[in-house]
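Naming convention: chains lettered A, B, ... in sequence-line order (proteins, then strands); numbering from 1 in each chain.
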Amino acid sequence: MDINRLVESLHPLERKAVPFLAKCSTLKELMKLSKLSEAEAMRALQWLENKGVLKISSEVKETVQLDSNGKEYLKKGLPERRFLEALKKSPLPIKDIGKAASLSAEEATVCLGLLKSKAAISIDKGVVSVTDHGLKALSKEWLEEAFLKRISKGGVEPSALSPEERFSYDIFRKRKDIVRSDLEKIKRFELTDVGKALSKEKIKAGDAIDRLKPDMLRDGSWKGKTFRRYDVTINVPKICRGKRHFVNQATDYAKQVWIEMGFKEMQGPMVNTCFWNFDALFTAQDHPVRDLQDTFYMKSPAKGKLPDKKLVDKVRAMHEHGGDLESIGWQYRWDPETAKRIILRTHTTVLSAKTLAALKKSDRPAKFFAVGRCFRNEAIDWSHLFEFNQTEGIVIDENANFRHLLGYLKRFFTKLGFPQARFRPAYFPYTEPSVEIDVFHPMHNKWVELGGAGIFRPEVVEPLLGEAVPVLAWGPGFDRIMMEYYKITDLRDLYKNDLSQLRGMRQWMR
Amino acid sequence: MPSIKLNKTVFNRLVGKELSDAELRERIPMLGTDLESVEGDEINVEVFPNRPDMLSEQGFARAFSSFIGVKKGLRKYAVVPSGSKVVIDRSVSDVRPFTACAIVKNLKFNDEKIREMIQIQEKLHVTFGRNRKKLAIGVYPLEHIKLPIRYFAEDPKKVKFQPLEFPRELTGLQIISQHPAGREYGHLLEGKDRFPFFADANKEILSMPPIINSHRTGKVTGQTSEVFIECSGFDFNTCNICLNIIVTALADMGGKICSMELEFPDGKKTTPDLEPRRMKLDVPFVNKWLGLRLSEDQMTDLLSRMGYGFEMGFVLIPAYRADILHMVDLAEDVAIAYGYDKFEPEIPDVATLGEESPFEVFRRRISDVLIGLGLIETSTYNLTNSNDQNSKMGTDLKLAELESAVNTDYNVLRAWMLPCLMKVLHDNKGTEYPQNIFEIGNCFKLDASSETGVCEFARIAVALCGPDADFTRIKQVLDVLAQALDFKYESKEVEHPSFIPGRVARISVGGLDVAYIGELHPQVLANWELEMPVSCFELNMTELYKVFK
């Protein structure tokens, strides 16, 4: 790298460090020379390493250090010296020496044993006096004291101790908090050729602009100065954006598809009477989909109200004998109490039923859609969930027919990203004919079931609309399409709300 | 949906033509069934619940053979009178009032056929019979029975017999508690003083429907060549169709169908009645419904591929078909025979205007504003539990409760959103802070005046969680929302058990109370095991929308 460009790119911290690089080789030394804090010096070294100026290595070293008592003794003198000093004037009883020499009881006891073994004191009937040998010792510096002084200047590796120092070290180790051995991490660095060249450059601190500040712009002080060069290839810390939940991104898209095709949105409650969810859709009262194992019934409230009697009577007649139509109905006794039970909607088709009931003749032909959460009473695992998203569309048109249904389906699934669709016969209690839609999955190279469709039976439409106009209907589940798109394999992940997952999720881009 | 196993050799013989696996794979689904697998000699198919007649190997092969054009048209089955009768006592009328019965002779049972027989019976029980509730089937070897047969109801403590595969005799009542079938289906007779029984002329008990046959008179073996069959239930027509499905399958096995006379208290009937139902074919209607232009001949040919006959303008519907209620049902069969893959999809030229619901537009606008503030939108379940909704929040709200939720952690509908956001924060304890989140979701309130007793609102909840989350910051969020949507609000200090006293306000817009805002109480945070402060608001969007309109 061009050395001038390198100099221009130096951060202020690096500028402070560079002049000393040739004079030292460890982080600690650099701190001392450059007066940078540890964090600053370390950052400077790391950046310089990124720029190829030097190489950092680290090693762990054992060092002998002064501990708390050691530091104190260095200032006040060793307890045994203070012990002897106190006896210089006159002998003292054992119990008074501690106070006279300002030693703790423990220290005094240690000194008594220690000095006696060195024959520096003698004891007679509880009174201690200093011996000649002791007096002589007081006049010189002891090896132990020299040792303390040496390590007070900085940690010393045990291997660097002289035999005498080693002796003192071993003695002090047995005593309380005088010395300790530490494991120290040492950061070393070594200049590269670039570094060696750089260290010869004359670097002034602060002659390049680091951060462009408002006052510089106000007073024009930026003029004639250079800007520190950044490493523009560097990785920067991540930030997070606000985000729509990915399920909602997908349902927003589904809505857009419907709207483009001329459909108007239907909305309604999730809590419904069985009447709207099942009976109005000509689902016999003993049909298995109405079982407790599949459908969420409410405990409180358990029952609701039926709509106006005229509609109820027509629905009842349809179930019992096919009403005024050329139909035999389901041929059983229809029970209004069963229709009053409250449930969580099992499909968005309940919205279609309500929409038909409210539709005026003058509003036909009409197209409606819904996207919404539906429910089924199911244990949770990777492929089952008690809440799911369904989307639903209906076309109410005197002239609608089965071919139109297939046409709408083809268009709808093409827009959702599945241009290849296949239709198979299916069964739903409220449509005839009924269709199952498979779309071709190019990645898995197979057909995948995506949902059901059909033309509402006259038994459904006649009571709601007043005449048996063909109503095309389709209601694909939407979760599968979403899982596919977001590459989710576990259905539960749709509503896990793992924030790091949400932050990292891709945007819906269809 | 029920699935059945077909033996390929038997199936091919019944169909009358051998198809390759690839052809089977292609054609079977187009008949309106789901092919699960073809493996070796075994074909597994799923049958839609509207076609109980296809739940046997024979019935399935019959439909398939017509469909591929081998044996088209209405199948004729001869029925000879057996000369025997079944007497139905008035006592069954409030227990299990109806039965349809037949005798089938000339059968050669082996283990394979017995298994097949049991498969038909079980599949029909589960689907068409709604787990025996609507209908139950009994099959008995005729050699142990002395005709005529009586169907009656009696005090279950007084009737004693040895139930199938059980070592000793039990009373009817004991069967309910001691026999496996009794324990499984006993609830179907719950609350009845008298249980229904079939008995022969020697007063030997044949069975106690819908629970169990007798071991002595109700067990078909390899020696059996003639059987008595009864279907009992609550609707004569259903019993009759079910009986027809069984006897036609047995006839396809080589059996000879013999009818029986049923003496009901108010009249006689003869079953099985295999006379086809007639429905006038409305060619223009079917063409209009399907978008086709078929002639009557083309249409009747297609119907013959679905097993129908045709006579003088009338479609003859096989007596085993349970699903033909209206002309649209015939239209569907025409479509199936025509081939769903042959229809040309068409988009008609019908002009309508697409429109998103204004409320949904409003809701999305609010999301956009909050996302602009860097908040992350979450999406949680509508179902939750009262511990989350109330106990952990220090509140005591009335909740709408589910009857028998499989998951007890999700057995109420949420009354407010904040607990759902708290759960998200709890689940994300290991994730980087700050965590600023929001959600717009439905909440549910008990309301006796509404149609369902439950009232639904959309609510917006925002929670800021992190070292700096406080009242000021959350109020800034509310202010941005108010400014963006151009509404003015008033706040007044209130008490709320979830919040720190003195740090919670009630927000009203145009005189309507719409929100709480404040800093959550440390006890609430502790209940959710959070070690970060949370400031939040929850706003009733449905109410706010009213102000806008």
Chain A heavy atoms under 4.5 Å from [X]: which part of the residue, side chain, backbone, both or neither?
X      : result
B:F444 : side chain
B:S449 : backbone
B:L370 : neither
B:A322 : neither
B:E456 : side chain
B:K134 : side chain
B:L353 : backbone
B:N428 : side chain
B:S404 : both
B:L373 : neither
B:P358 : neither
B:R277 : side chain

Problem - Close aromatic pair by centroid cut-off 6.0 Å: B:Y381 and A:Y495 - result: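 Ring centres of A:Y495 and B:Y381 closer than 6.0 Å.
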Exercise for the section: Would you please indicate yes or no on a ring centroid separation below 6.0 angstrom for A:F412 and A:W258? Expected result: yes
Contact leader toward chain A among [options], where contacts are heavy-atom pairs under 4.5 Å:
options                      : value
B:I437, B:L413, B:D341       : B:L413
B:C455, B:A335, B:A400       : B:A400
B:I376, B:D329, B:N131       : B:D329
B:T238, B:L31, B:D34, B:T352 : B:T352
B:G32, B:G453, B:P348        : B:P348
B:D282, B:I371, B:L325       : B:L325

Practice task
Determine, stepwise, if the pair B:R321 / B:D333 fulfils side chain to side chain contact (heavy atoms under 4.5 Å, CB included).
Solution key: CA-CA 12 Å; B:R321 285 292 293 262; B:D333 275 358; 2.7 Å; yes
Exercise for the section: Using the six-membered ring wherever Trp is involved, compare the ring planes of A:F386 and A:F296 and label them parallel, tilted or perpendicular (cut-offs 30° and 60°). Expected result: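 Because their plane-to-plane angle is over 60°, the rings of A:F386 and A:F296 count as perpendicular.
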Exercise for the section: May I ask you to decide if the ring planes of B:Y340 and B:F343 are parallel, tilted or perpendicular, using 30° and 60° as cut-offs? Expected result: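 It falls in the perpendicular class, over 60°.
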Do you know which of [options] has the most heavy-atom pairs with chain B at a distance under 4.5 angstrom?
options                        : answer
A:R373, A:H287, A:K496         : A:R373
A:A366, A:P458, A:P470         : A:P458
A:L499, A:L406, A:N272         : A:L499
A:S434, A:P433, A:G454         : A:P433
A:L409, A:L306, A:V395, A:I380 : A:I380
A:V247, A:I455, A:L502, A:T273 : A:I455

From [X] atom [atom1] to [Y] atom [atom2], the distance as rounded to the nearest 0.5 Å:
X      : Y      : atom1 : atom2 : result
A:M318 : A:E462 : CE    : CD    : 4.5 Å
A:C374 : A:R345 : SG    : CZ    : 5.0 Å
B:I440 : B:S379 : CD1   : OG    : 11.0 Å
B:E439 : B:E377 : CD    : CD    : 7.0 Å

Between [X] and chain B, which part of the residue has a heavy atom less than 4.5 Å away: side chain, backbone, both or neither?
X      : answer
A:E449 : side chain
A:F456 : backbone
A:Y408 : both
A:E459 : side chain
A:M266 : neither

Are there over 12 heavy-atom neighbours, none belonging to [X], within less than 6.0 Å of that residue's [atom1]?
X      : atom1 : value
A:Q285 : CD    : yes
A:K415 : NZ    : yes
A:R411 : CZ    : no
B:K423 : NZ    : no

Exercise for the section: Considering non-hydrogen atoms only, spot the tightest contact between B:V477 and B:V462 and give its length. Expected result: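 So the two residues come closest at CG1-CG1, 4.2 Å.
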Exercise for the section: Could you check if a side-chain atom of B:H326 sits within less than 4.5 angstrom of a side-chain atom of A:E432, using non-hydrogen atoms only? Expected result: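 No - every pair of side-chain heavy atoms lies 4.5 Å or more apart.
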Handout entry: Heavy-atom side-chain contact between B:E403 and A:M298 under 4.5 Å
Key = no
Handout entry: No-hydrogen, no-angle side-chain donor-acceptor test under 3.5 Å, A:R244 and B:S367
Key = yes
